[in-house]
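Here is the structure we will look at.
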Protein chains: 2
Amino acid sequence: MTQEDVAREVGVSRTLVSFAFRGAPGVSNETREAILDAAQRLGYRQNAAAADLARKQPSAVGLYLLDLRNEVYADIFYGVREALEEAPNRLILSVSPTANSLGRAAVDSLIEARIGIVIAATLLDSDADVQELAQTVPLVSVARRVPGVDSVYSDDPAGAKAAVRHLLELGHTRIAHLAGPPHEGHQGRRRAYERMMSDAGLPPRVVTAEDYTQEAAEWAILPLLADSGRPTAVFAHNDVLAVGAREAAYRLGFAVPDDLSLIGYDNSRISRLHGIGLTSVDLHAPELGRSAGRAALERLANPLAPAVDLSSSPRLVVRGSTAPPPAEAQKDRP
Amino acid sequence: MTQEDVAREVGVSRTLVSFAFRGAPGVSNETREAILDAAQRLGYRQNAAAADLARKQPSAVGLYLLDLRNEVYADIFYGVREALEEAPNRLILSVSPTANSLGRAAVDSLIEARIGIVIAATLLDSDADVQELAQTVPLVSVARRVPGVDSVYSDDPAGAKAAVRHLLELGHTRIAHLAGPPHEGHQGRRRAYERMMSDAGLPPRVVTAEDYTQEAAEWAILPLLADSGRPTAVFAHNDVLAVGAREAAYRLGFAVPDDLSLIGYDNSRISRLHGIGLTSVDLHAPELGRSAGRAALERLANPLAPAVDLSSSPRLVVRGSTAPPPAEAQKDRP
DNA sequence: CTGAAAGCGCTAACAT
DNA sequence: ATGTTAGCGCTTTCAG
């Protein structure tokens, strides 16, 4: 079923059919309707691949997501799609093989699908690699700032500081940080934590999850919590890891927040559930997605504009997972 | 950057480059390596759209997902991808606009992307519409049986029966069902519930969420729970809805399972969390995804084979959200 | 083993 | 307003 068939059915040339479909001028309303009608009747669907090929200017937007099991990426996805709603650009998804993969391969597959631009959330590759990637194809980095590359992100150090400050104000001194894998560009939360701790004259304690899964978080934090000098509070890199820490705590018989205060990051839906009530830093993922979508559209329209650098402010949302440290821990205080 | 460029670089014809890339026979190892090498050097990437166009036989598989905020679809996605891992077929994703949309539009967009087959999880359209859709493009229905169409699904009536039976055995008599929107092909759980209730001589009580979101579930069930003759147990269509019911219960000051027993469906990760511990029916979503992926590959290889009808057995996973009805409710028992 | 040539379905000048 | 024509990048006969 091609435009040819439709043209024959209506008795016009193939060009007219093409014009009619793109709403291009130069077709009488009468013919246009006849064409659309016939297409409908024949069940004709455009071949987007062929159209892109002929157009020479790929207009599709590729969206790379690190992990479908972390709801923050769903938020970003829906945000991006909202931004593209009015635009004619198709949205093509690519999901990372694991929650700890570099984005190169996935972005490559997007390139093979001939997208005009890729929105990436989030790239674990080094700054240099991302910059090189951005040389190959227009790229918008979401939730991470990469110098010289369009970036739409939240101020991670500010969010982390607010989280740690909250813990300090509650009276905690033994505060640990549950970090993700140490990839460049994703150290802002950890660094801000370390800075805050050292400013407070407190020893930092960082534990690293092997990837961004709940299971990895459980494994990583279990020994720390089992230790006698265990922390009274944990600030996790994100909600998925925080939930992992929470599971580990309960497995060891500790309660949150009675024995352990917990802060996550992303303010995802899970953090809002009764009985979980995770204090979390909201980076406004849907808005991040919308901004990224808009940025992509602008970049497509104006390839030579200077790189966008769009930072937003996160917000600490206090819920029931944080409380003053337990009494027996208080005696250790200076 | 095209095959032409690579050919020129190596000093061979374009055809050779094409052959080399597809691993087709007829290229000496020497030339092949030289070609792959040059391609690498030049940063050449295949144009999948053009290749598909020329090949005339689209090999990509399109995967339609109803809702990215329901983790069961992530499970299905990863399952499908696992099944396609070895295959050369690309996987293209399409996500429903809302958690209550018919799949037609999304599948249409997949068709425009010229996929060879679509795997749909889950279609809310009527059986007739799905059958018509399957006429247009090869289709594998996941988690729903559609007569005459390749279907990979779990035995919903069996799962629902096990859930209701569990509740009955605990001594509940006022058991409500929280259903999703009443779309054809998604009534198996509700019907089995009704059957079980009537077999037990108990009045069924069905409440319907407007879509498959947690929020809709909360809205739907709130009046029921606020009622004086409220149920002592709720069997929800899936975990997302069950979590909505749980939120509604706590908002009204009821505890699960002390005041209200709750059963979900899907056994998604959220149901396994400490403090949620939702009794749930496991339909083995990852395996469903893998089976669907394999079925799609087989259909592609053998377009004329009779429709696949692959049913699997769900399993009730009992956790802490179900318990005997509260004492004050016992007095109402016959 | 290599190359020439046709054509996939569509767009976009360029005619008429 | 409508038709002609030349590609887009690739695969695939068919001849060397």
Side-chain angles (χ1 to χ4, degrees), chain A residues 1-36 38-39 42-60 88-90 108-109 111-116 137, chain B residues 1-36 38-39 42-60 88-90 108-116 136-137:
Chain A
M1 184 59 49
T2 74
Q3 292 188 338
E4 185 82 57
D5 299 304
V6 179
R8 191 167 333 116
E9 171 82 8
V10 184
V12 297
S13 82
R14 214 166 82 260
T15 311
L16 265 300
V17 179
S18 173
F19 273 54
F21 262 90
R22 288 174 292 137
V27 189
S28 71
N29 273 330
E30 217 174 334
T31 349
R32 158 170 292 122
E33 283 193 16
I35 288 172
L36 263 23
L42 297 173
Y44 165 80
R45 318 255 78 231
Q46 271 211 70
N47 183 333
D52 272 7
L53 187 57
R55 208 180 294 115
K56 268 177 268 188
Q57 273 245 354
S59 69
N89 313 60
R90 288 176 305 135
D108 270 5
S109 84
I111 293 180
E112 287 184 5
R114 275 326 188 250
I115 43 72
V137 63
Chain B
M1 183 58 49
T2 74
Q3 293 188 337
E4 185 82 57
D5 299 303
V6 179
R8 191 168 333 116
E9 170 83 8
V10 184
V12 296
S13 81
R14 212 165 85 262
T15 312
L16 265 302
V17 178
S18 173
F19 274 54
F21 261 90
R22 287 174 296 133
V27 190
S28 69
N29 272 331
E30 217 175 334
T31 352
R32 159 171 290 122
E33 282 192 19
I35 288 172
L36 262 23
L42 296 173
Y44 165 79
R45 319 253 77 234
Q46 271 212 71
N47 183 332
D52 272 6
L53 186 57
R55 208 180 295 115
K56 269 176 271 189
Q57 272 244 357
S59 69
N89 314 61
R90 287 176 306 134
D108 269 5
S109 84
L110 244 19
I111 293 179
E112 288 183 5
R114 273 328 186 249
I115 41 73
T136 319
V137 64

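So that the names make sense, note that chain A is the first sequence line, chain B the second, and so on, each numbered from 1. Scope of the values below: all heavy atoms of this structure, side chains included, with no hydrogens, waters or symmetry mates.
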Scan [X] against the nucleic acid and name what it touches under 4.0 Å (heavy atoms): base, sugar-phosphate only, or nothing.
X	result
A/T2	sugar-phosphate
B/S28	sugar-phosphate
A/F21	nothing
A/E4	nothing

Considering only side-chain heavy atoms of [X], which listed nucleotide, [options], is closest?
X	options	value
B/A54	D/dC8, C/dA12, D/dC10	D/dC10
B/A51	D/dT12, C/dC8, D/dC10	D/dC10
A/Q3	C/dT11, C/dA5, C/dC8	C/dT11
A/T31	D/dT2, D/dG9, C/dG3	D/dT2
A/F19	D/dC10, C/dA12, C/dG3	C/dA12
A/T15	D/dT5, C/dT2, D/dT12	D/dT5
A/V27	D/dT13, D/dT2, D/dG9	D/dT2

* Asked: What's the CZ-C1' distance between A/R14 and D/dT2, to the nearest Å?
  -> 14 Å
* Asked: Any side-chain N or O of B/S13 under 4.0 Å from OP1/OP2 of C/dT2?
  -> no
* Asked: Any side-chain N or O of A/Q46 less than 4.0 Å from the OP1 or OP2 oxygen of C/dT11?
  -> yes
